[in-house]
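These figures come from a predicted structure and were not determined experimentally. So you know, we letter chains A, B, ... as the sequences are listed, proteins then strands, and number each from 1.
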Amino acid sequence: MEKRSTLNSFVIVMVALVCIYINLNTFEAEGRTIKVAWIADMTGPTADSVIPMLWGTQDWFKYVNQDLGGIKDVKVDVIWGDAAYKLDLGLQLYSKFSSDKDVCLIYCATTHINNAIAKKCMEDRILQYAASPAPEAMYPVKWCYSHSAGYGDQLGAFIDWALSKWTEKRPLRLGLIFMDNPFGKTIYDAGGVNYCKARGIEIVAEEPLPALATDVTVNLRKMAKEKPDYVYYQGTVTQAAIIARDAKKIDFTPKICLSANSVADQVVSVAGQNAAEGLMMMSWSNPWHGVVPEEMKPGLVKTAAFFKKYRPGEDPSKVGVGYFHGLMGSMITTKALKLASEGVSAKDINGSTLKGQGFDRIKSFQDTWDLIGPISYTPEDHRGGQYLKIVGIKKGLAYSVTDWLRAPYLTKDQCLWSPHVKSGSWIEIVK
Amino acid sequence: MYLPGGTFSETYAQDLAIIRTKPQWVALIALFFLLAVFPWVCSSYLLSVISVIAITIISVQGLNILTGYCGQISLGHAAFMGIGAYISAILVTKCGISFWLSLPCAGVGAALIGLIFGLPSLRIKGLYLALATLAAHYIVIYIISHASGLTGGTAGIEAPRPMFFGIRLDSSRSYYYLIIIFTILMTFFAKNLARTRVGRNFVAIRDNDISAEMMGISLFRYKLLAFAIGCFYAGIAGSLWAHYMTVIDPDHFQLVNAIWYVGMLIVGGMGTAVGVFFGVIFLKGVEVVAIEIGPKLADMFPGLGSGIAASLAQFLLALIIIFFLVYEPRGLAYRWGVVKAAFRIWPFPY
Amino acid sequence: MMGSTYALLAVAFVIIYKACKIFNFAQGEIMLLGAYFSWSLLVRFHLGFWPTVLLSTLFAFCLGFVIERFPLRPLIGHPILSIIMVTLGLSILFRSIILITWGAVLLPYPEIFGAEPIRIGSLIFSQQHVWSFVSCIGLLLFFGLFFKFTKLGLLMRAVAEDQILAKSAGTRVHKIIGFSWAIACIISAIAGIFLSAINGVSIGLADYGVKAISAALVGGLESIGGAITGGLLIGVIEVLSTVYIGHGVGEVAAYVMLVLVLIVRPYGLFGLTRIERV
């Protein structure tokens with residue numbers, strides 16, 4: 001008897017949940033509201049970087065809707081779902097979002113979900129926005145946009161910079177450390193390593209790290225035998241911190257450069273100020289927290305205040321690069337919406353018009369609060385930001401080692417880069 | 001086997017039939033009809049949920065044969081699915097073979113590799129075997145993601161949708177029919193297998209391998225056969241999965257999936273074909289509800305924040321699973337049996 | 001040196017397996033709970049290192065009893081697989097509790113061991129690793145003695161051997177199983193503190209739980225000494241295969257080893273051999 005009553009209460013709870021769900025679905029919005037959707041990993045293994053991205057998007061559109069009064073009467077609603085890094089859930093969320101007529105754009109930061117929905121997005125005329133440009137998402141060109149230079153381009157830009165400083169006769173010796181997963185190997189997939197070889201770099205050591213490494217002393221010692229001049233690392237910030245610490249431990253002296261996923265303040269807080277000293281990192285953005293005071297440009301001050309306003313009580317050093325990605329994706333989307341609403345009426349804004357009238361017309365978009373270099377899209381290239389900078393760490397604070405560098409523009413298959421790269425006058429410093 | 005009153009067999013064929021009574025025939029035809037009209041009435045969201053559930057059912061049916069009938073616990077099922085998916089994708093894209101040929105090839109390929117990893121089962125059993133298959137998972141995934149010449153490595157490989165008499169099954173609706181037909185066929189086969197000599201040998205091995213061997217059942221042969229059949233199912237499911245997704249990479253086949261397949265089997269009830277349906281539908285259903293509830297919670301309580309709302313939904317999901325197991329540890333299939341029995345004698349209590 | 005963390009987790013795993021014959025899939029999450037809890041004490045409440053360890057231990061102790069009381073006790077006598085499934089549910093539960101309480105962002109762990117590496121001849125170790133190695137050896141000794149000489153330890157072994165027999169001999173089996181869980185949780189929490197001192201605390205650390213399973217298995221599921229040896233061995237193999245083979249083999253080497261060990265010695269290196277003759 002007791003068993004039955006618990007079963008009954010279980011059924012009642014389930015029915016109640018379904019009722020709540022149906023009730024909530026009857027909610028209606030006024031006027032023209034465009035929806036952007038996030039297929040996010042809220043509870044899975046990459047939640048630590050994806051949740052800040054969602055925050056960035058939500059905060060920005062809250063700001064647009066409330067403080068700016070929308071974009072020409074168009075309000076933007078951010079909806080999201082938790083795919084927990086699982087592909088089947090991602091696809092289910094996609095079909096849920098795509099059946100909603102108001103959804104014009106889907107943000108997703110999980111590479112394998114992004115790849116799986118790419119074709120469907122083109123068929124359903126919905127734009128995709130990837131925080132970090134995996135090569136598969138960018139070549140051949142799809143309906144997927146991003147604001148940052150690819151991971152291969154990051155390595156390329158770093159090599160360009162290193163060669164510009166290189167004075168000795170012998171070829172430059174480079175060591176590569178990367179996580180042994182798709183994310184780490186994208187420096188190969190995205191043509192970065194081929195580019196190094198084409199520029200005459202001698203790659204002396206390649207060390208894949210297991211995703212759960214907690215001690216990389218062995219790998220570093222093995223690498224130290226080959227005496228590299230520079231070391232480039234591609235992976236997560238946790239491992240970057242471990243590398244920094246272990247390198248200090250065994251007095252491994254070459255210049256270490258981390259890929260753009262590591263943000264200075266986060267590396268400092270995880271690795272400790274002492275270990276992080278002297279590290280360099282590629283950066284998509286100007287850091288807006290933990291920076292030497294003289295480099296806090298007005299836009300960066302604004303960003304810091306924005307974060308404080310919308311996320312009171314949160315520590316900016318913990319959100320890493322995610323919040324920047326979230327903000328950037330939404331700033332660019334807002335710009336595209338503005339452009340599109342010049343061309344078509346509010347009710348005609350959909351995926352296609354947002355692409356043709358919006359995104360593809362963005363040229364040298366600079367109003368990005370000093371966070372990133374100019375953004376341009378063409379119908380053939382959706383990578384947007386072609387500019388990167390190198391940030392260094394001095395006494396626990398970030399400073400700019402270089403100004404914006406133009407990325408060498410790699411494509412996956414042939415490793416072809418744009419003509420001005422081939423000619424040799426490839427570093428174009430933007431002022 | 002319990003039968004409704006008044007049902008008896010006059011011929012041997014009648015005794016063998018799976019479907020015995022008229023109401024059962026009616027229910028079956030109604031079910032097929034529902035499945036057939038389903039994609040025309042429901043949203044594409046629901047359709048994608050059902051498609052994934054159906055593919056999962058095929059895979060878990062295989063696991064049921066291996067674990068539920070033969071008692072060999074496998075945590076490598078996601079990897080075996082991956083093998084099937086990759087074989088199929090490679091055959092179609094690199095060798096230009098038609099999907100209809102590559103599908104059975106995927107099944108057979110997965111079965112062969114399953115045989116290799118089934119070998120330790122001859123020496124070890126129970127949870128130790130579970131861990132050997134866990135190792136199999138990691139080894140298979142390592143090979144897939146490092147043999148980049150063949151598999152495309154971590155970047156993945158494309159698997160185009162199949163052609164059917166000149167029509168490409170591009171829409172989710174047409175592919176749904178393909179999946180459903182295979183689900184029905186494979187379930188039918190699994191259900192029948194359990195009633196054959198092979199199936200009964202499996203059960204004997206599960207219940208007590210030593211006495212099974214004394215009765216003259218070759219453990220070597222039947223354990224490996226169970227691995228082969230189980231992995232064949234996984235391979236077929238993997239192939240269907242690959243061509244449903246149209247692009248696959250090693251991240252599709254994670255260990256969590258394999259663990260959840262076992263979980264579905266436990267929740268549904270081991271050793272019954274119908275339990276597989278219950279388990280998969282229940283757990284997937286709860287998962288979908290959790291996804292739905294997350295954003296709603298965030299809307300209802302704006303102070304909560306999206307991250308916490310999503311976690312709360314997961315919290316509910318976990319609670320439902322735990323409560324369910326505490327109050328129904330024998331699985332849904334058992335409860336189904338109880339309910340059926342109750343209806344059979346209704347309205348009389350005995 | 002890395003192996004010592006695996007070893008700690010493997011010990012926790014083995015203790016639970018010994019007492020109730022179940023696989024604890026929530027191992028990684030229990031470890032994480034301990035790590036996050038200690039982080040809160042250190043950073044939010046500014047406690048010192050030793051009070052933190054003490055309080056975390058206490059917390060883990062209670063956690064173990066709670067786990068035993070609620071989801072597990074009602075399941076006694078039910079199929080073992082259902083209980084394993086419950087630990088799977090627990091892992092989601094703990095994960096969501098962590099996400100609700102601490103959020104998903106990466107939390108930097110304060111330097112508790114000092115950054116200066118320890119040099120022994122030409123060998124250089126970081127302090128975290130040395131400490132985790134030392135405490136691992138310490139725990140091995142402690143539990144070795146505990147299981148041999150204390151009453152509780154002997155009772156736990158009796159329960160592990162045969163629950164029904166132990167019960168009929170007047171042992172309170174619930175309590176003993178509760179103690180097993182509590183001890184396992186304490187060890188996991190300590191492992192969690194070491195790991196997060198190296199890595200910072202993030203949800204991804206839970207994956208170490210799976211690694212520990214293979215460590216436990218290489219050593220043999222029934223033997224605590226075996227678990228420690230297995231853990232250390234896996235650490236060594238990872239390093240050696242990285243040095244001599246490369247190509248990221250380190251990650252699977254442990255599993256290849258696992259299969260080989262299972263084929264040659266089906267009950268692990270130190271497991272109880274049950275001879276079955278027909």
Side-chain angles (χ1 to χ4, degrees), chain A residues 3 6-7 10 13-14 17-18 20-21 24-25 27 38 40 42-44 47 50-52 54-55 58 78-89 91-99 110-113 115-116 118-120 123 134-136 180-186 188-189 311 412, chain B residues 43-49 51-53 55-56 142 145-146 148 153-156 158 170 172 241 244-254 256-257 260 284 286-296 298-300 305-311 313-314 316 320 323-324 326-328 335:
Chain A
K3 222 167 206 179
T6 49
L7 260 176
F10 178 72
V13 168
M14 290 303 290
L17 287 178
V18 170
I20 291 173
Y21 170 56
L24 285 167
N25 262 3
F27 172 77
W38 248 108
M42 313 287 289
T43 51
V50 177
I51 289 180
L54 177 61
W55 284 357
Q58 285 176 327
V78 181
I79 55 175
W80 57 272
D82 173 22
Y85 206 70
K86 287 184 195 159
L87 186 74
D88 48 347
L89 295 187
L91 282 173
Q92 284 165 23
L93 283 173
Y94 172 77
S95 34
K96 181 182 165 190
F97 293 147
S98 64
S99 56
T110 310
T111 305
H112 63 268
I113 296 178
N115 293 345
K119 205 175 154 206
K120 295 187 175 68
E123 286 163 5
E136 307 92 302
D180 194 9
N181 61 15
F183 175 50
K185 285 184 180 166
T186 137
Y188 290 85
D189 296 338
R311 297 286 158 186
K412 187 184 178 188
Chain B
S43 68
S44 64
Y45 173 42
L46 212 53
L47 194 63
S48 73
V49 174
S51 301
V52 169
I53 284 180
I55 295 178
T56 315
Y142 178 84
S145 47
H146 283 76
S148 28
T154 47
E158 277 190 41
D170 250 342
S172 47
W241 173 271
Y244 178 58
M245 295 300 163
T246 64
V247 53
I248 48 170
D249 65 56
D251 262 1
H252 290 210
F253 310 101
Q254 293 169 12
V256 230
N257 298 5
W260 275 108
K284 282 271 173 201
V286 174
E287 199 176 52
V288 168
V289 170
I291 298 186
E292 285 292 320
I293 282 178
K296 306 286 182 235
D299 287 349
M300 270 198 288
S306 37
I308 293 181
S311 323
Q314 289 289 311
L316 288 177
I320 290 176
F323 267 99
F324 174 81
V326 167
Y327 291 107
E328 194 53 82
R335 175 63 43 192

Q.
Can you give me the closest heavy-atom contact between B:S48 and A:L91, atom names plus distance?
A. OG-O, 4.3 Å
Q. Say you draw a straight line from CG of A:D82 to CD1 of B:I293; how long is it, rounded to the nearest 0.5 Å?
A. 12.5 Å
Q. With a 4.5 angstrom heavy-atom cut-off, which part of B:V256 approaches chain A: side chain, backbone, both or neither?
A. neither
Q) So which of B:S172, B:S51, B:A309, B:G294 has the largest heavy-atom pair count under 4.5 angstrom toward chain A? A) B:G294
(Q) To the closest 0.5 Å, what do you measure between OG1 (B:T246) and CG (A:N115)? (A) 10.0 Å
Q | Minimal non-hydrogen separation, B:I291 against A:L93, with atom names | A | CG2-CD2, 3.6 Å
**Q.** side-chain contact (heavy atoms from CB on, under 4.5 Å) between A:K96 and B:E292, intermediate numbers included
**A.** CA-CA 10 Å; A:K96 181 182 165 190; B:E292 285 292 320; 2.9 Å; yes
Q | Residue B:V49 versus chain A: region with a heavy atom under 4.5 Å | A | both
Q.
Looking at every non-hydrogen atom in both residues, tell me the closest pair between B:A298 and A:W80 and how far apart they are.
A. CB-CZ2, 3.8 Å
Q. Nearest heavy-atom pair of A:K120 and B:M245: which atoms, and what distance?
A. NZ-O, 4.5 Å
Q. Measuring heavy-atom distances to chain B, does A:Y85 have an atom under 4.5 Å in its side chain, in its backbone, in both, or in neither?
A. both
**Q.** chain A contact via B:S43 - which portion, at a heavy-atom distance below 4.5 Å
**A.** neither
Q | chain A interface, residue from B:S145, B:P295, B:S311, B:P250 that has the most non-hydrogen pairs under 4.5 Å | A | B:P295
Q. For B:V247 and A:K119, what are the C-alpha separation, side-chain angles and deciding distance, and is it a side-chain contact (heavy atoms from CB on, under 4.5 Å)?
A. CA-CA 10 Å; B:V247 53; A:K119 205 175 154 206; over 6 Å; no
Q: Could you tell me the separation between the NZ atom of A:K86 and the CG atom of B:D251, rounded to the nearest 0.5 Å?
A: 13.5 Å
Q) A:E123 versus chain B, heavy atoms under 4.5 Å apart: side chain, backbone, both or neither? A) neither
Q: Nearest 0.5 Å please: distance from the CD1 atom of B:I55 over to the CG atom of A:D88.
A: 9.5 Å
Q | Interatomic spacing from CG in A:L87 to CG in B:D249 - rounded to 0.5 Å | A | 8.0 Å
